[in-house]
Asker: 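Have a look at this one before I ask anything.
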Amino acid sequence: MDATNSMQTDIIRTTIPTRTVKVGNVTIGGPQFTVIAGPCSIESRDHFLKTSHAVKNAGASLVRAGIWKLRTSAQAFQGLGQNAFDLIKEVKKETGLLLVSEITDPRQIEEVSEFVDMFQIGARNMHNYALLKEVGMTRKPVLLKRGFAALIEEWIKATEYIRMGGNEDIVLCERGIRTFETATRNTFDLNAVVFVKTKTHLPVLVDPSHAIGLREFVPQLTYASAVAGADGVMVEVHPNPDQALSDGRQSMDYASFNQMMQQLEKILNLIGRPLQKL
Ligand code: PEP
Ligand code: MN
């Protein structure tokens, strides 16, 4: 058996306890359910600060926020990029929250290492093996989103590029796939969640916001994911979704997120998988 094959058999097993992944003091994949929440993209210091406080108070244990955005249109808001660095440091200091943020280019790794606690690899970059290898050489946890046209097998195999450099701290994230259906932004593949939970040892999160693209249905997908055994969710939240610079249609406002979290906690208690608290 060659090296690639043995790596594959190592990762594709039927009964393996989930490997837990630590992001600071937060454990993903353990007995508790993790909620990551925050804006699609950072829009200003005030916007990021208020939203970080709001999601933390509602029970999220990690904040998400985009610095660089990969948009379909080159004319659309591309994220604040380097202009966000100082405000991120300030907000993190003030809230104590750990940040999950997408990197879109290997050169960004060094730039953001000081204040990004978990690297997100977006759906568009799941096949960007150069980027995967680079994050694999760091010792920071990686959230690997599924490409919107990627087979489960391709998604699992993509993790091998990260593991190559010795980084085993990988969390998978199902974010919906492209199908013939256009009523929703993507099609949420719950099959994939239960499948990869059994076939790999990695923790699996769900991003219901991108999966359905409609904020009013994010709670139902969140509850279903928890009951199906996902290790957590990542949800987009904005103070005024209709004014958001990206992904407003799928972003929840503070009040609805708070309400969802209360309901989620009840469900999590029923299924014996309590919400992870800071
Ligand atoms: C995001 O999380 O903001 C994002 C761009 O997601 P995806 O890569 O899944 O489209
Ligand atoms: Mn988004």
Side-chain angles (χ1 to χ4, degrees), residues 23 28 34-43 47-48 51-52 55 60 62-74 76-81 84 88 99-105 108 112 116-128 131-132 135 141-150 152 154-155 158-159 162 170-179 184-189 192-193 196 204-215 217-218 221-222 225 230 232-253 257:
V23 186
I28 305 178
T34 306
V35 174
I36 307 175
C40 177
S41 33
I42 296 172
E43 299 179 5
H47 160 262
F48 184 42
T51 308
S52 299
V55 299
L62 295 168
V63 65
R64 64 145 289 144
I67 301 169
W68 291 278
K69 299 306 299 179
L70 294 177
R71 309 298 299 281
T72 304
S73 164
F77 176 62
Q78 304 285 309
L80 293 181
I88 292 172
L99 174 65
V100 182
S101 196
E102 179 173 356
I103 53 161
T104 59
D105 182 313
Q108 294 161 359
V112 302
V116 170
D117 303 285
M118 181 181 215
F119 292 133
Q120 178 177 323
I121 302 292
R124 289 161 190 77
N125 271 322
M126 190 211 84
H127 297 281
N128 183 344
L131 184 60
L132 299 185
V135 293
V142 179
L143 182 68
L144 179 66
K145 287 194 150 194
R146 179 183 180 188
F148 46 68
I152 292 171
E154 292 167 330
W155 186 23
T159 64
I162 302 171
I170 306 165
V171 175
L172 297 169
C173 181
E174 160 63 33
R175 47 78 73 209
I177 51 172
R178 189 171 280 180
T179 66
T184 55
R185 183 176 184 182
N186 289 288
T187 296
F188 174 41
D189 189 2
V193 177
V196 292
V204 182
L205 298 190
V206 166
D207 173 348
S209 311
H210 289 85
I212 197 157
L214 303 165
R215 67 177 85 97
F217 302 121
V218 168
L221 264 52
T222 296
S225 304
V233 286
M234 180 163 83
V235 176
E236 288 188 338
V237 176
H238 193 281
N240 187 355
D242 291 333
Q243 303 294 315
L245 297 182
S246 59
D247 288 348
R249 185 64 189 86
Q250 67 196 35
S251 300
M252 302 181 82
D253 63 21
F257 178 66

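Counting starts at 1 for both ligands and their atoms, in listed order.
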Asker: Given the rule in the side-chain hydrogen bond (donor to acceptor under 3.5 Å, both in side chains) test, do Arg185 and Gln250 qualify, once you have shown the distances and angles that lead to the verdict?
Answerer: CA-CA 9 Å; Arg185 183 176 184 182; Gln250 67 196 35; 2.7 Å; yes
Asker: Does a donor on one side chain and an acceptor on the other come within less than 3.5 Å for Gln108 and Asp105?
Answerer: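 Looking only at side-chain atoms, Asp105 and Gln108 do not form any donor-acceptor pair under 3.5 Å.
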Asker: Please output the residues near ligand 1 using a strict heavy-atom distance under 4.0 Å, listed in chain and residue-number order.
Answerer: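 Contacting ligand 1 under 4.0 Å are Cys40, Arg64, Lys69, Glu102, Gln120, Gly122, Ala123, Arg124, Lys145, Arg175, His210, Glu236.
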Asker: Quick test of your reading of the model: are Arg215 and Asp247 salt-bridged, counting only N-O distances below 4.0 Å?
Answerer: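 Result for this pair is no, no salt bridge flagged.
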Asker: Would you say Ile88 and Val112 make side-chain contact, with heavy atoms under 4.5 Å?
Answerer: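 They are not in side-chain contact.
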Asker: Is it true that the side chains of Glu43 and His238 contain a donor and an acceptor less than 3.5 Å apart?
Answerer: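 His238 and Glu43 do have a side-chain donor-acceptor pair below 3.5 Å.
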Asker: Would you mind checking if Arg146 and Asp189 are paired as a salt bridge, meaning a charged N to carboxylate O distance below 4.0 Å?
Answerer: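 Salt bridge flag = yes for Arg146 with Asp189.
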Asker: Are the charged groups of Arg64 and Glu236 less than 4.0 angstrom apart, N to O?
Answerer: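 Salt bridge flag = yes for Glu236 with Arg64.
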Asker: Are His127 and Glu154 close enough that some pair of their side-chain heavy atoms sits under 4.5 Å apart?
Answerer: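 Yes, close enough: below the 4.5 Å cut-off.
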Asker: Are the side chains of Ser41 and Phe77 in contact, using a 4.5 Å heavy-atom criterion?
Answerer: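 Side-chain contact under 4.5 Å: yes.
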Asker: With 2.8 Å as the limit, count the protein N, O or S atoms near the Mn ion (ligand 2).
Answerer: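 Protein heteroatoms (N, O, S) closer than 2.8 Å to the Mn ion (ligand 2) number 4.
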